[in-house]
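Report on the structure given below.
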Amino acid sequence: MPNDLQSDLSRLVARIEREDAPLAAADPYRPYFHLAPPVGWMNDPNGLCRCGEWYHVFYQYGPFDPEGGVKHWGHYRSRDLLRWEKCPVLLFPSDTWDLHGVFSGSALVEDGVMYLYYTGNVLSAGAHDYITSGRGHNTALAVCRDGLTAETNELLMENRDYPAGLSCHVRDPKVWAQDGRYYMVQGARTLDDRGEVLVFESTDKRRWTHINTIRTPAPFGYMWECPDLFELDGQWFLCCSPQGVPHEKKRFQNTYSCGFFPLSGDFRSACTLGAFIELDCGFDFYAPQSFLDGARRIQFGWMGMPDAPCGNPATVACGWQHCLTVPCELTQRGGRLHRYPVKELEQLREKPVSPENAHIFDMELRIFCPGRLVIRGAAVVEWSDDEVILSLGAVSGAGRTVRYARTQAQTMRILADASSLEIFINHGETVLTTRYYPDPAARGVVLDGGTAQLWSINRMEIMDGISR
């Protein structure tokens with residue numbers, strides 16, 4: 001049963017969405033085929049799963065403030081990854097262990113039931129730095145049987161239950177079943193400012209024991225957020241979003257990084273991490289999460305970046321900010337992850353379109369080096385034998401300037417939405433993701449150095465008809 005605070009928040013969110021959603025929906029920069037918040041703020045994808053006939057995408061949601069605010073879990077669901085239903089908020093900051101935010105987490109599906117693990121954020125009053133003191137990062141579990149409501153919500157672990165030597169930053173549980181047991185990884189920051197991943201084990205989904213800590217031999221950033229540990233074709237990978245990695249001109253270019261380590265050995269005991277490889281070289285990609293859909297592994301990411309010097313003022317003015325990437329299938333080749341749009345997205349292709357009329361489009365290129373592509377007069381993609389460069393203008397970039405990807409490009413696929421670009425090089429070996437803001441009326445691409453096919457894209461259907 002919902003408590004009184006949850007009931008009040010539910011009514012308030014419904015009113016805010018009813019009153020403010022029309023302005024957000026009318027924004028010319030509103031995505032055609034990416035999931036975005038109905039109002040307010042969106043960040044990390046959470047609880048991604050397939051349960052029965054439904055795909056579920058939860059996300060960090062600040063309905064009251066497009067600049068952030070206290071986080072809930074917003075919710076979309078779909079039967080085909082193409083037509084989505086906006087569902088009511090499932091998790092509210094309404095319990096003693098999550099009063100200042102229902103932070104990121106994951107879903108474990110068993111027997112048609114979703115077990116939703118998340119971090120409950122609590123900030124204490126007083127003179128605290130909220131790193132070494134003053135913050136409760138609590139591991140909690142909500143159980144959902146009907147796909148729309150949490151029937152129970154309980155606290156599993158709090159700061160005192162984590163290993164010694166850690167700061168107050170332990171968060172983002174990712175849970176899965178394996179070998180008759182359950183495993184959880186969480187990102188952590190030590191008291192001496194070193195990022196690492198904690199590994200927990202359970203036999204009943206509720207009582208968890210710390211069994212291992214995964215880290216690099218030398219410090220690599222001060223915090224590893226949103227860990228995701230999984231196996232593809234016999235190779236294990238640890239994805240995470242490290243904070244505090246030193247910037248380089250052509251690597252680790254964003255405020256925070258995001259990528260993967262190939263993992264050797266057993267994650268439960270002795271294991272080693274290979275070299276860190278970035279998942280995306282663009283301006284806007286962070287906190288991705290993956291899930292199994294039969295034999296394939298699908299990943300969504302947040303098309304945003306915490307604490308970035310660039311922004312999205314045009315959408316904030318219309319009462320909303322941020323979106324998710326398209327769903328991508330993860331594959332591995334030679335110990336490296338490749339990320340490429342799921343096959344279903346090709347069904348959104350409406351008809352071939354000429355280069356001069358390109359607006360919202362899906363584009364496949366076979367390229368010759370060197371070459372150059374100008375998109376709607378607002379973004380420039382250039383390539384040589386060993387590098388791809390993405391450049392945005394002062395207005396279209398809203399603070400975004402240039403990003404580099406070191407790769408020998410042969411093919412590209414570009415998904416261009418109203419205010420975003422996703423550039424997949426060599427079938428997803430390298431990706432550049434960014435928000436951008438061309439003149440809404442601008443059309444056309446100019447290609448020098450390749451051949452291309454273009455299709456206009458139908459607007460993805462998002463329905464809003466579910467009530468509690």
Side-chain angles (χ1 to χ4, degrees), residues 44 96-98 100-101 103-106 117-141 155-176 181-203 206-229 236-246 252 255-261 263-276 287 306-307:
D44 305 2
T96 56
W97 54 84
D98 60 20
H100 299 116
F103 278 17
S104 293
S106 61
Y117 294 86
Y118 70 93
T119 297
N121 187 47
V122 178
L123 302 177
S124 302
H128 299 288
D129 63 3
Y130 301 105
I131 299 172
T132 60
S133 69
R135 181 186 295 270
H137 262 178
N138 307 307
T139 303
L141 168 63
L155 175 65
L156 302 183
M157 291 188 285
E158 48 193 324
N159 291 26
R160 64 185 178 184
D161 299 311
Y162 307 131
L166 298 178
S167 71
C168 299
H169 287 247
V170 176
R171 57 180 174 269
D172 311 330
K174 179 67 187 292
V175 177
W176 72 99
R181 293 178 179 268
Y182 303 98
Y183 294 95
M184 172 194 293
V185 288
Q186 298 216 49
R189 176 179 183 171
T190 67
L191 288 172
D192 57 354
D193 290 334
R194 178 171 180 167
E196 59 187 27
V197 165
L198 310 176
V199 183
F200 298 87
E201 184 181 71
S202 174
T203 58
R206 287 172 169 82
R207 292 173 294 178
W208 294 89
T209 301
H210 174 247
I211 60 169
N212 198 19
T213 297
I214 301 175
R215 55 165 61 176
T216 48
F220 187 74
Y222 60 76
M223 172 69 193
W224 290 4
E225 290 200 301
C226 302
D228 191 3
L229 184 64
W236 282 84
F237 296 94
L238 173 62
C239 286
C240 61
S241 296
Q243 298 181 334
V245 176
F252 313 131
T255 303
Y256 303 126
S257 191
C258 178
F260 64 90
F261 299 96
L263 184 145
S264 300
D266 192 330
F267 69 88
R268 292 164 287 201
S269 55
C271 63
T272 57
L273 298 177
F276 183 81
D307 304 325

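From a predicted model like this one, the values you see are computed outputs, not experimental measurements.
The shortest heavy-atom contact between Met184 and Tyr117 is CE-CD2, 4.1 Å. Between Asp307 and Thr255, the shortest heavy-atom contact is O-OG1, 3.5 Å. When every heavy atom of Ser241 is checked against every heavy atom of Cys258, the shortest pair comes out as OG-SG, 3.6 Å. Heavy-atom minimum distance, Asp172 versus Thr119: N-OG1, 2.9 Å. Scanning both residues, Asn159 and Arg135, for their nearest heavy atoms gives ND2-O, 2.8 Å. Minimum interatomic distance between Phe252 and Ser257 (heavy atoms only, all atoms of both residues): CD2-OG, 3.6 Å.
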Apply side-chain contact (heavy atoms from CB on, under 4.5 Å) to the pair Trp208 and Val175, showing each step before the final yes or no. CA-CA 11 Å; Trp208 294 89; Val175 177; 3.9 Å; yes

Could you walk me through whether Cys240 and Val185 satisfy the side-chain contact (heavy atoms from CB on, under 4.5 Å) test, starting with their C-alpha distance in whole Å, then the side-chain angles of each, then the deciding distance to 0.1 Å, before giving a yes or no? CA-CA 11 Å; Cys240 61; Val185 288; over 6 Å; no

Carefully, step by step, assess His137 and Phe103 under the rule side-chain contact (heavy atoms from CB on, under 4.5 Å). CA-CA 9 Å; His137 262 178; Phe103 278 17; 3.9 Å; yes

Go through the steps to decide whether His210 and Met157 satisfy the test side-chain contact (heavy atoms from CB on, under 4.5 Å), and finish with yes or no. CA-CA 11 Å; His210 174 247; Met157 291 188 285; over 6 Å; no

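In this structure, the salt bridge (charged side-chain N to carboxylate O under 4.0 Å, His left out) partners of Arg268, at least two apart in sequence or on a different chain, are Asp179, Asp266. Among residues two or more places apart in sequence or in another chain, the salt bridge (charged side-chain N to carboxylate O under 4.0 Å, His left out) test is passed with Asp161 by none.
Atoms NZ and OG, from Lys174 and Ser104 in turn, are 12.0 Å apart once rounded to the nearest 0.5 Å. Taking CE from Met223 and OG1 from Thr190, the interatomic distance works out to 10.5 Å, rounded to the nearest 0.5 Å. Interatomic distance, Tyr130 OH to Asn121 CG, rounded to the nearest 0.5 Å: 10.5 Å. Note that CH2 of Trp97 is 9.5 Å distant from CG of Asn138, once rounded to the nearest 0.5 Å. Summarising the geometry, atom CD belonging to Glu201 is positioned 4.5 Å from atom CD1 belonging to Ile211; distances are rounded to the nearest 0.5 Å.
Within the 4.5 Å cutoff, the side chain of Thr132 has heavy atoms near those of the Leu191 side chain. No side-chain heavy atom of Phe267 sits less than 4.5 Å from a side-chain heavy atom of Leu238. Counting heavy atoms from C-beta outward, Leu166 and Glu196 have side chains that approach closer than 4.5 Å. By the 4.5 Å heavy-atom criterion applied to side chains, Leu229 and Val197 are not counted as neighbours. Using a 4.5 Å heavy-atom cutoff, the side chains of Pro173 and Leu156 are not in contact.
Tyr183 has its ring centre no less than 6.0 Å from the ring centre of Trp236.
Using the six-membered ring where Trp is involved, Phe200 and Tyr162 have ring planes that are perpendicular, over 60° apart on the 30 and 60° scheme. Using cut-offs of 30° and 60° for the angle between ring planes, the Phe261 and Phe220 rings count as perpendicular.
When each of Gln243, Arg189, His169 is tested with Glu225 by the rule side chain to side chain donor-acceptor pair (under 3.5 Å), just one qualifies, namely Gln243.
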